[in-house]
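Each remark here refers to the structure printed beneath this line.
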Amino acid sequence: MTKPPKPNASPDAALLESPAPEAPRSEAAEAPRKSRAARKTPVKSGAPMPDPVQVSLAISEAAKDASPLPVPTPTKAARKPRPAKAAVPSPAGPAQSEPAPTESAAPKAKPAPRKPKAPAAAPATPEVAQEEARPEPAAEPVPPEVPADAPTPPLSSEATLDPRDADTFAIRLERYRADLEGSLRSVYGAEQLVALWPRLEALLRRALAERPADLRRLDEARLLRPDWLQVPEMIGYVAYADRFAGTLEGVGEHLNYLEELGVKYLHLMPLLKPRVGENDGGYAVQDYRAVREDLGSMADLKALASRLRRRGISLELDLVMNHVAQEHGWAVRARAGEQKYRDYFLMFENRDLPDLYERTLPEIFPDFAPGNFTWNDEAQRWVWTTFNSYQWDLNWANPEVFLEFVDIILYLANQGVEIFRLDAIAFIWKRMWTDSQNQPEVHDLTRALRACARIVAPAVAFKAEAIVAPGDLIAYLGRRDHHGKVSDMAYHNSLMVQLWSSLASGNTRLFEQALSAFAPKPTNTTWGMYVRCHDDIGWAISDHDAGMAGTTGPGHRAFLSDFYSGEWPGSFARGQVFQANPRTGDRRISGTAASLAGLEAAQTEEDIDLALRRLRLLHAVTLGYGGVPLIYMGDELALLNDERYLDVPEHAQDNRWLHRPAMDWHKAEERFDVATSSGRMYAALQRLIRARRQLPHLHASIEAQIVPSPNEHTLLFRRDHPLGSMLAMYNFSPEFQPLPAPLLRAIVGDYPRDALSGHEWNLTNPEVALEPYGAYWLIEQTR
Ligand code: GLC
């Protein structure tokens with residue numbers, strides 16, 4: 001058996017070999033969870049399925065409740081005999097049987113939704129209308145007939161484009177017209193499209209007229225380099241502005257730090273004006289055109305975006321699309337009874353429809369926000385609230401909501417935002433008898449929004465935050481006629497979950513199974529790769545994949561929760577359970593990467609070394625997969641759990657704050673000291689980043705393919721680039737693991753170079769061994 005050459009005293013070797021001092025430990029003991037009374041009226045549970053009579057009653061109630069869309073009355077010419085639409089999607093008919101059982105217990109990961117059944121001779125419910133509208137996009141797009149007396153767009157003032165801009169606009173509109181029209185027709189129907197179009201066009205024109213010169217220049221550059229997000233140099237960093245540097249101006253003072261790490265894009269966590277008090281970490285936005293006051297102003301944001309841009313760093317912001325804060329102006333006016341704004345939300349006079357929807361809806365925060373509807377006294381309505389009771393879901397079936405978001409996106413793009421993280425995008429379309437996630441309209445709406453962004457601001461990219469079952473994920477990058485036309489990037493949640501799963505089990509069979517089931521992504525898209533983020537980890541592992549890997553879904557998910565909460569005997573992890581759901585058995589996990597990987601629990605030098613090796617391994621997989629690695633602030637220094645969130649009343653109930661520590665600038669100063677665990681982590685990560693930047697093989701247009709490994713502790717990915725092949729090899733166990741050299745040789749030749757250590761390997765021997773938690777990127781040496 002041939003062992004790979006020992007790494008020399010490179011910075012990376014520091015991680016593997018240098019003696020390290022005692023790892024810093026969190027002093028706070030396990031904090032008791034504070035209980036909080038549910039702020040939503042609990043839903044009725046265990047009710048029998050409705051009989052048809054009840055359902056038809058519910059439908060007629062819905063019909064009373066649903067108001068016509070607040071669109072301008074079309075002219076006679078535009079009035080075609082099409083099914084009516086309503087702002088509130090209503091049930092299409094009685095359920096024929098129980099909803100399909102949930103395959104995965106992870107609440108955000110649901111099996112394919114069941115299509116609603118239309119009742120015989122049903123009235124034209126919105127559901128039916130939507131379904132009928134669907135076949136149309138296949139038809140050749142016809143420019144919509146614009147009524148002569150089209151109403152003045154309230155969202156936008158007319159803008160006159162100079163002849164050059166007018167030409168640019170015309171060219172781009174022509175390019176994206178089919179996407180835009182096809183999607184909008186599919187969602188809203190031909191008649192509404194006609195009414196919508198002139199308003200949309202006016203809005204796009206105005207945004208283009210307002211686009212600043214430096215951003216137009218960026219647009220031109222991006223049009224020449226459409227793969228800018230796919231290149232191996234692309235490294236993302238994710239931080240809360242306040243936790244990183246106090247204010248937006250403060251962030252601007254730490255750009256050298258980011259640049260030194262190789263960061264090319266910075267995702268600043270929610271910073272648009274949130275509601276006061278609890279706001280789900282900023283995901284309850286009160287005003288999309290204002291910045292959180294303690295962080296700075298919109299002018300500061302614009303200034304920061306341009307400082308970043310001058311350094312070649314793109315700014316990403318969250319676009320919270322599924323809901324707004326109940327204090328948002330739209331919600332305030334809806335509560336006050338303005339019908340226009342009532343139609344922006346999903347409001348119900350009684351529990352009939354909410355109860356029906358609840359039958360198939362998951363609960364996202366069962367612990368502190370059970371159910372999906374909240375009673376509002378002022379409006380005297382039940383309001384759809386998928387997340388917290390103060391986050392009001394928007395009614396995307398209303399084209400006014402679409403127009404508002406086009407306007408918001410373009411406004412923010414014109415401030416210099418380059419990437420939009422489409423928050424909770426899977427949830428924006430609701431459909432009775434489904435889990436109201438991943439509905440086809442979600443993708444149509446994304447395609448339409450993207451087309452608008454491409455027309456005005458081609459520099460802009462979308463990243464989908466769709467934490468959904470593996471089978472549903474690929475649609476966010478585009479399937480069939482949406483192929484490559486929706487989001488440019490999507491979080492690879494499945495891979496993140498598998499990283500932690502294999503680390504706990506020391507076995508890669510499930511990882512192989514889950515990843516090989518993934519359809520290839522469109523070649524113009526990329527994955528967002530991450531080890532940890534600001535959210536909990538939900539065990540999105542399907543029962544099928546678990547079965548194929550020789551375990552069971554419920555059993556393995558329970559094991560992972562036990563393991564990462566530290567309850568499993570001998571576990572190295574120190575996480576906490578988030579949102580235990582006794583009904584589904586689901587227990588998600590909070591904790592920083594370092595605490596979950598064993599650094600917090602480490603007692604000895606050997607424990608510290610193992611924890612750091614594990615972390616390096618996880619980062620190596622994410623950096624070596626070919627998507628954009630998204631480094632979560634503090635992970636480059638292996639920051640541990642921070643229990644201080646318990647002292648902050650607005651955070652104390654939500655243990656996701658455990659893994660959102662403030663940046664430790666003292667540790668950052670130690671980053672070149674390889675006697676510290678922060679220094680060793682930093683050196684290892686920096687080395688991985690440098691190696692990645694040199695490897696054209698890691699361009700995201702190339703697909704990473706699983707190579708079934710004969711050793712169940714190791715994971716092999718190959719990437720076949722015109723310059724030669726790359727073989728990434730990872731050992732998920734704390735022991736040396738052998739692999740047969742001929743298998744590797746067949747991919748990367750006799751003497752590949754390991755891009756991580758710089759060493760040449762000799763694969764002419766029969767066998768090689770991978771070090772405990774070892775990571776290797778073997779590159780075929782071609783002449
Ligand atoms: C996303 C965010 C999460 C938030 C939720 C609701 O999943 O990542 O933090 O709670 O959306 O906005």
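Side chains included, hydrogens not; waters and symmetry mates left out as well; all remaining heavy atoms used. In listed order, ligands and their atoms are each counted from 1.
Distances shorter than 4.0 angstrom do not occur between any heavy atom of Met269 and any atom of ligand 1.
Thr622 meets the side chain to side chain donor-acceptor pair (under 3.5 Å) test with no other residue; sequence neighbours excluded. Under the side-chain contact (heavy atoms from CB on, under 4.5 Å) criterion, Ala700 pairs with Gln230, Thr526, sequence neighbours left out.
Contacts of Tyr491 with ligand 1, taken as heavy-atom pairs under 4.0 Å, are absent altogether.
With respect to Arg289 and Asp407, a salt bridge is recorded, a charged nitrogen being found less than 4.0 Å from a carboxylate O. The residues Glu465 and Arg421 are annotated as salt-bridged, a charged nitrogen and a carboxylate oxygen being separated by less than 4.0 angstrom.
When Asp318, Asp280, Leu422 are checked for heavy-atom proximity to atom 6 (C) of ligand 1, Asp280 turns out nearest. Closest heavy-atom approach to atom 8 (O) of ligand 1 among the candidates Ile364, Asp535, Thr386: Asp535. One option in Val285, Asp536, Asp423, Ile467 has a heavy atom closer to atom 2 (C) of ligand 1 than any other, and that option is Asp423.
Against a heavy-atom cut-off of under 4.0 Å, His534 is close to the following atoms of ligand 1: 2 (C), 3 (C), 8 (O), 9 (O). Those atoms of ligand 1 with a heavy atom of His323 less than 4.0 angstrom away are 6 (C), 12 (O). Each of the following atoms of ligand 1 lies closer than 4.0 Å to a heavy atom of Phe365: 10 (O).
Not less than 6.0 angstrom separates the ring centroid of Phe373 from the ring centroid of Trp382.
Using cut-offs of 30° and 60° on the angle between ring planes, the pair Phe518 and His492 is tilted.
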